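Report on the structure given below.
What you see is a predicted model; the values in this text were computed from it and never measured. Per chain, numbering begins at 1; letters A, B, ... match sequence-line order.
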2 protein chains.
Amino acid sequence: MQPTIADVARHAGVSTATVSRVINSQSVVAPATRERVQAAVRELGYQPNALAASLVRRRSHTLGVVLPDISNPFFPEVVRGLEDAAHASGYNVILCNSDLDTAKEIEYFEVLRQKRVDGLIYHSGTITADHLDAFRRLKLPVVLAATHDPRGELPCVLVDNRQAAAEAMEHLIGLGHGRIAVVTGSDPVSGESRLQGYRDALTRHGLTLDDGLALQAQWTADEAYQVTRELLKRRPLPTAIAAASDLMALGVMGALRDGGIRVPEDVSVIGFDNIRLAGTIRPALTSMSQPMYDIGKEAALLLIRCLAEEEPDSFRGRRLVLPHRLVVRESTAPPRG
Amino acid sequence: MQPTIADVARHAGVSTATVSRVINSQSVVAPATRERVQAAVRELGYQPNALAASLVRRRSHTLGVVLPDISNPFFPEVVRGLEDAAHASGYNVILCNSDLDTAKEIEYFEVLRQKRVDGLIYHSGTITADHLDAFRRLKLPVVLAATHDPRGELPCVLVDNRQAAAEAMEHLIGLGHGRIAVVTGSDPVSGESRLQGYRDALTRHGLTLDDGLALQAQWTADEAYQVTRELLKRRPLPTAIAAASDLMALGVMGALRDGGIRVPEDVSVIGFDNIRLAGTIRPALTSMSQPMYDIGKEAALLLIRCLAEEEPDSFRGRRLVLPHRLVVRESTAPPRG
DNA sequence: TTGAAAGCGGTACCAC
DNA sequence: GTGGTACCGCTTTCAA
């Protein structure tokens, strides 16, 4: 059995209260006493039971993170930022993969609540009324990472998707492209606002998005590959394609390659996110960079700050918009001719 | 304040013992009583405090996972497998990024111990004597994922790296390659055993690994890129390159491309791991597949089974070797001429 | 400066 | 079947 605080107290000839004081370096303990206690701690190899402490303190110093799937390359970076920030502030992180499945989400919310995590970082495509309800029932501080809720109630940290997408499109237009296809995912916050952004830029330059050139895929490389293959069956081809995620851009590039079309000589491709591998593959992918690490980090920081606050409601509707940045690499070039 | 078990008991006109019984659906409770209690639970929105339960049960149903860096594409899949298995068995997972920094690892071990996780899943390149000591002090069941300890004391799940690497090399040799370079990382378990495997196959076919063709990099794409650039300055070039990870293979391919060398026409490249993106990029990467998801899953399962055991020591030295599999794609082909 | 003791929110043994 | 109650291991008044 592990030694308890009582063992340490006995060993040092003091009360448990005193041991507790030196462990938490609280109030003044006589130097001599402190020494004795520390010696006892060392000798017994005492490790305080955080469960017991959390029980009385009502603070577990643990955060819950629920996201769709850690194996989607977008998330590991976010989670890394998150965990780094949490760790630096003395928090740990419980990771939950929801697969965007509401039932699973609810299930996770419940255990997290039961395990008394101090707060929750949530990431998902869409925040529905059901989510809002669930969060309310949770009675736990929640911050949204890389998404936001339609009513703007929950604090969140993200980029300006619409603006960023518009700038990605501007890049293509600036290169001289006029016939441009887009491949987007289908959720309201990332998908639709990016699509809207693409449209904004097009419109601004007197261009339009042909019906046949607005492709929809499931945020996966495979689906993007498929829709692009379909696209290639129709003529004329676009001279550039904007994908709403790098993963999808990879699928697009694969389809082009397999269709005998060169990037960027025949068709330019721009992605979104700037995942690590974007610069590693060839042709290196031009991408609208989203500061994923920072999104995670800031989300954790926001949550932790919120926990320290007397008045957590002061964080209601707080919205942290992080800067995006165009990273030009090899996959985009002026159209031929 | 959250309602407690006492509130529920009062509300239902029973004792806390009875409430506890219905919550844990233990021993027999009269149907009528059960109903009343359940109603009370519902009405009050009662959520049991898992901290309190864990305190007395000495089981937190939480697992610790410490790995170098979740943003390395190898880990998300492992973690996904792990978390899925844990979730299915009623466990949660605390994620820790150690950056392979011993001080950080020790720090994590301590909090995890204090938070009374039931067990630990550990992944790292090298298990040193210090690690073994730390684990012993931890007094917690530990299972190693994708690695093993030199003394074979800790249970682990991994592939046969040496054999798998040998087969990867056989593939190249079978294609007709004779002048082959390898790029490996530097840790004993994955790095050296894969290097050894490459050598085994070469030797078996009367071939040797020239000094100039045994490259060493830090398991990153960037480093692999650099060493490959260096390699390209010397002639004659190898006709094939085996990389000990897909990430490194990506770096190798990038360097080849930038050096004007085509894959697989001029040089073949084979990776190791078969990360998700291996099949997405072009040329699609031939790779020795490691069942990352299953490694995580089986590691979690092994740990959980170990926790259920009366005699945890029966798991000492248990070693689960999962099958590897060659996945041939586009990046390997017979040498020219 | 230090100690006694009342919780924190459950569980589980022992009676009835 | 159900209730009383002694813990689990720690924190935190309140006194001394």
Side-chain angles (χ1 to χ4, degrees), chain A residues 1-38 40-41 44-62 90 110-118 139, chain B residues 1-38 40-41 44-62 90 110-118 139:
Chain A
M1 269 294 303
Q2 292 288 317
T4 72
I5 198 172
D7 298 322
V8 177
R10 207 171 305 126
H11 201 82
V14 298
S15 72
T16 61
T18 299
V19 176
S20 177
R21 286 185 192 109
V22 350
I23 287 171
N24 302 291
S25 44
Q26 277 181 351
S27 51
V28 204
V29 178
T33 320
R34 172 182 306 282
E35 298 281 281
R36 285 222 309 293
V37 173
Q38 284 166 340
V41 166
L44 299 179
Y46 170 67
Q47 292 270 49
N49 184 327
L51 258 32
S54 296
L55 182 57
V56 19
R57 288 218 175 107
R58 292 134 188 288
R59 280 268 184 232
S60 63
H61 277 259
T62 302
E110 304 227 302
V111 269
L112 290 174
R113 176 82 196 82
Q114 294 180 185
K115 292 201 175 175
R116 296 302 191 261
V117 298
D118 295 333
K139 293 198 199 64
Chain B
M1 270 295 301
Q2 292 286 318
T4 72
I5 198 171
D7 297 322
V8 177
R10 205 170 307 126
H11 202 83
V14 298
S15 72
T16 61
T18 299
V19 176
S20 178
R21 286 186 191 107
V22 350
I23 287 171
N24 302 292
S25 43
Q26 276 182 352
S27 53
V28 204
V29 178
T33 320
R34 171 181 306 281
E35 297 281 281
R36 285 223 310 292
V37 172
Q38 284 167 339
V41 166
L44 299 178
Y46 171 67
Q47 293 271 47
N49 185 329
L51 259 32
S54 297
L55 182 57
V56 19
R57 289 216 176 109
R58 292 135 187 292
R59 280 269 183 229
S60 62
H61 276 260
T62 303
E110 304 227 301
V111 269
L112 290 174
R113 176 81 195 81
Q114 294 180 186
K115 292 201 174 173
R116 295 304 190 262
V117 298
D118 294 334
K139 292 198 201 64

Enumerate the protein-to-nucleotides 2-5 of chain D contacts in which both atoms are nitrogen or oxygen and the separation is below 3.5 Å.
from  : atom 1 : to    : atom 2 : distance (Å)
D:dT2 : OP1    : B:T33 : OG1    : 2.3
D:dT2 : OP2    : B:A30 : N      : 2.7
D:dT2 : OP2    : B:T33 : OG1    : 3.2
D:dG3 : OP2    : B:S15 : N      : 3.0
D:dG3 : OP2    : B:S15 : OG     : 3.4
D:dG3 : OP2    : B:T18 : OG1    : 2.7
D:dG3 : N7     : B:R21 : NH1    : 3.4
D:dG3 : N7     : B:R21 : NH2    : 3.3
D:dG3 : O6     : B:R21 : NH2    : 2.5

Can you tell me the distance, in whole Å, between the [atom1] atom of [X] and the [atom2] atom of [N]?
X: A:Q2; N: D:dC8; atom1: CD; atom2: P; value: 15 Å
X: B:R59; N: C:dT11; atom1: CZ; atom2: P; value: 15 Å
X: B:I23; N: C:dG9; atom1: CD1; atom2: C1'; value: 11 Å
X: B:D7; N: C:dG10; atom1: CG; atom2: C1'; value: 13 Å
X: B:N24; N: C:dG9; atom1: CG; atom2: P; value: 17 Å
X: B:Y46; N: C:dG9; atom1: OH; atom2: C1'; value: 7 Å
X: A:I5; N: D:dC10; atom1: CD1; atom2: C1'; value: 6 Å

Distances under 3.5 Å only, N/O to N/O: pair up the protein atoms with those of nucleotides 6-8 of chain C.
from  : atom 1 : to    : atom 2 : distance (Å)
C:dC8 : O3'    : A:R58 : NH2    : 2.9

Inset, instruction - Assess whether side-chain hydrogen bond (donor to acceptor under 3.5 Å, both in side chains) is satisfied between B:T62 and A:K115, documenting all intermediate values. - result: CA-CA 10 Å; B:T62 303; A:K115 292 201 175 175; 2.9 Å; yes
Inset, instruction - Please check if the side chain of B:H61 supplies one atom and the backbone of B:G90 the other of a donor-acceptor pair under 3.5 Å. - result: yes
Legend entry - Donor-acceptor contact present, side-chain A:R116 to main-chain A:R113, <3.5 Å: yes
Inset, instruction - Give the angle between the helix axes at the two ends of the helix from C:dT1-D:dA16 to C:dC16-D:dG1, taking five base pairs at each end and rounding to 10°. - result: 40°
Inset, instruction - Using a 4.0 Å heavy-atom cut-off across all strands, classify B:Q114 as base, sugar-phosphate, or nothing. - result: nothing
